[in-house]
Number of protein chains: 2
Amino acid sequence: MARKTGSHSDITGPKVRRAAQRLFARHGYAAVSMRRIAAEVGVQAGALYLYTPDKQTLLFDLMRDHLLEVLEAWHAEAAPGGPAERLAALARFHVRFHLERPEEVFIAYMELRSLAPGNFAAIEALRRRYEQEFVAILEEGLAAGAFRLPDVRLAAMAVIAMLTGVTTWYREGGRLSRAEVAQIHADMALRMVQGGG
Amino acid sequence: MARKTGSHSDITGPKVRRAAQRLFARHGYAAVSMRRIAAEVGVQAGALYLYTPDKQTLLFDLMRDHLLEVLEAWHAEAAPGGPAERLAALARFHVRFHLERPEEVFIAYMELRSLAPGNFAAIEALRRRYEQEFVAILEEGLAAGAFRLPDVRLAAMAVIAMLTGVTTWYREGGRLSRAEVAQIHADMALRMVQGGG
DNA sequence: GTCTATACCCTGATAGAC
DNA sequence: GTCTATCAGGGTATAGAC
């Protein structure tokens with residue numbers, strides 16, 4: 001229920017986050033000033049500090065919330081099945097999710113070095129948790145003889161890099177739909193780990 | 001032959017480039033000031049402008065020279081052979097080259113958005129030329145029936161993303177040598193494009 | 001070739017009026 | 001809740017001495 005007068009805290013807060021997200025994704029954290037974010041929102045620079053203690057926290061919150069959202073979305077969607085089925089499902093999920101949120105993804109991958117040390121550690125821990133989803137499936141498939149891999153962690157990183165790569169070239173309205181792209185990538189991920197090794 | 005007095009132009013110039021490369025790779029273009037580059041070199045900020053017209057050109061030159069070097073190195077190494085052999089060779093080359101030059105690679109991938117429009121177009125053209133090396137091999141293999149791909153350009157981008165991913169996790173002195181990592185990635189690249197499609 | 005000094009603008013963040 | 005005004009510091013780039 002929208003209030004009619006007084007506080008805009010519940011409106012301006014999200015607007016600040018969205019503006020920061022768009023600008024950080026497009027120009028990079030270091031290249032974006034608080035004044036520019038404020039201009040995008042339609043307030044003065046000082047007003048931003050009602051919604052975030054500082055610029056660094058703005059970045060950290062965006063990255064943390066994105067990673068928590070990825071983990072939550074995957075846990076909500078993950079279904080039982082053999083390693084091959086589960087890897088294909090995770091690959092499709094990863095591509096779909098990343099294509100639906102290009103800005104969050106871009107920030108999460110590009111701005112790690114803009115994080116203060118403590119924040120960096122927290123984000124890295126979340127990233128590891130997500131990578132572990134891939135590692136676990138690969139280990140299971142390896143033990144079951146379904147996959148052949150010389151090195152599980154290397155394969156996990158290679159699969160993730162391949163899947164994440166879509167964000168660098170995919171454009172809405174191209175030859176292929178997001179679902180088609182997701183399916184093709186899931187097939188490639190499976191072939192990467194199923195062949196001889 | 002090092003001169004003993006007077007001009008240091010032939011020494012300081014490369015030092016400026018190397019300092020910029022290290023700092024841009026580590027902290028990002030926008031986060032690095034000319035003063036900091038100068039401090040790294042051991043001169044005052046104003047002196048940098050003897051070696052570059054401005055900061056933007058410093059970045060552009062680093063990226064252009066890196067990409068020209070990649071193209072030249074591959075053309076010097078590329079050997080005749082079937083599509084599978086040539087893809088494997090290109091994959092090994094790509095991984096090896098990228099692991100040997102982590103800073104240049106990092107800048108080339110991360111700082112595209114820091115380029116002025118004209119410079120961006122020039123760098124993009126060079127990147128396309130390199131991507132085209134992959135596309136050409138995949139098209140040849142598809143025509144020869146050696147590869148099965150639903151979409152050549154998508155596969156090329158996926159292979160490149162997978163191969164380039166090594167730079168995000170590989171650390172010197174780990175379990176695997178660079179040559180081992182390159183070989184494993186070449187195998188994965190082949191499997192990605194050879195299976196059913 | 002490098003220095004100091006400086007022009008001029010933008011930065012993140014805060015204080016206090018309204 | 002937002003504004004204006006402001007702070008101290010740092011940004012790129014240039015001018016002119018040596």
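Small disclaimer: the values here were computed from a predicted structure and weren't measured. Letters A, B, ... are given to chains in the order of the sequence lines, protein chains preceding strands, and every chain is numbered from 1.
At least one side-chain nitrogen or oxygen of A:T12 sits closer than 4.0 Å to the OP1 or OP2 atom of D:dT2. Of the side-chain N and O atoms in A:S33, one or more sit less than 4.0 angstrom from OP1 or OP2 of C:dT11.
Rounding to whole angstrom units, CG of residue A:L48 and C1' of C:dT14 are separated by 13 Å. Following rounding to the nearest Å, A:R36 (CZ) and C:dC9 (C1') show an atom-to-atom distance of 16 Å. What separates CG of A:D54 from P of C:dT11 is a distance of 17 Å, to the nearest Å. Rounded to whole Å, the distance from CG on B:L23 to P on D:dG11 is 12 Å. Straight-line distance from the NZ atom of A:K15 to the P atom of D:dT2: 9 Å, rounded to whole Å.
Listed nucleotides D:dA13, D:dT2, C:dT4 differ in distance to B:Q44; the shortest reach to its side chain belongs to C:dT4. Listed candidates were D:dT12, C:dT4, D:dC3. Nearest to the side chain of A:V43 is D:dC3. Listed candidates were C:dA13, D:dT12, C:dG1. Nearest to the side chain of B:L50 is C:dG1. Distance from the side chain of A:Y51 is smallest to D:dG1 among C:dT14, D:dG1, C:dC3. Comparing atom distances between the B:M34 side chain and each of C:dA13, D:dA13, C:dT11 picks out D:dA13 as nearest. The A:K55 side chain lies nearest to C:dG12 when the options are D:dA13, C:dG12, D:dT2.
Comparing B:G46 and A:Y29, the nucleotide of DNA chain C nearest to each residue sits closer to the 5' end for B:G46.
In this structure, the ring of A:H94 has its center less than 6.0 angstrom from the ring center of A:Y130.
Ring geometry for B:H98 against B:H66 counts as perpendicular: the plane angle is over 60°, on a 0 to 90° scale with 30° as the lower cut.
Screening B:M192, B:M188, B:Q194 against B:L190 for a side-chain contact (heavy atoms from CB on, under 4.5 Å) leaves a single residue, B:Q194.
Look at B:R153 and B:E131 and you find a salt bridge, because one of the NZ, NE, NH1 or NH2 atoms lies within 4.0 Å of a carboxylate O, short of that distance. Electrostatic pairing of A:K55 and A:E111 does not count as a salt bridge here, judged by no charged N lying under 4.0 Å from a carboxylate O.
At a cut-off of 3.5 angstrom, counting only N and O atoms as typed in the model, there is a donor on one side and an acceptor on the other between the side-chain of B:R35 and the base of D:dG11.
Among the atoms of the strands shown, none is found under 4.0 Å from any heavy atom of A:V41.
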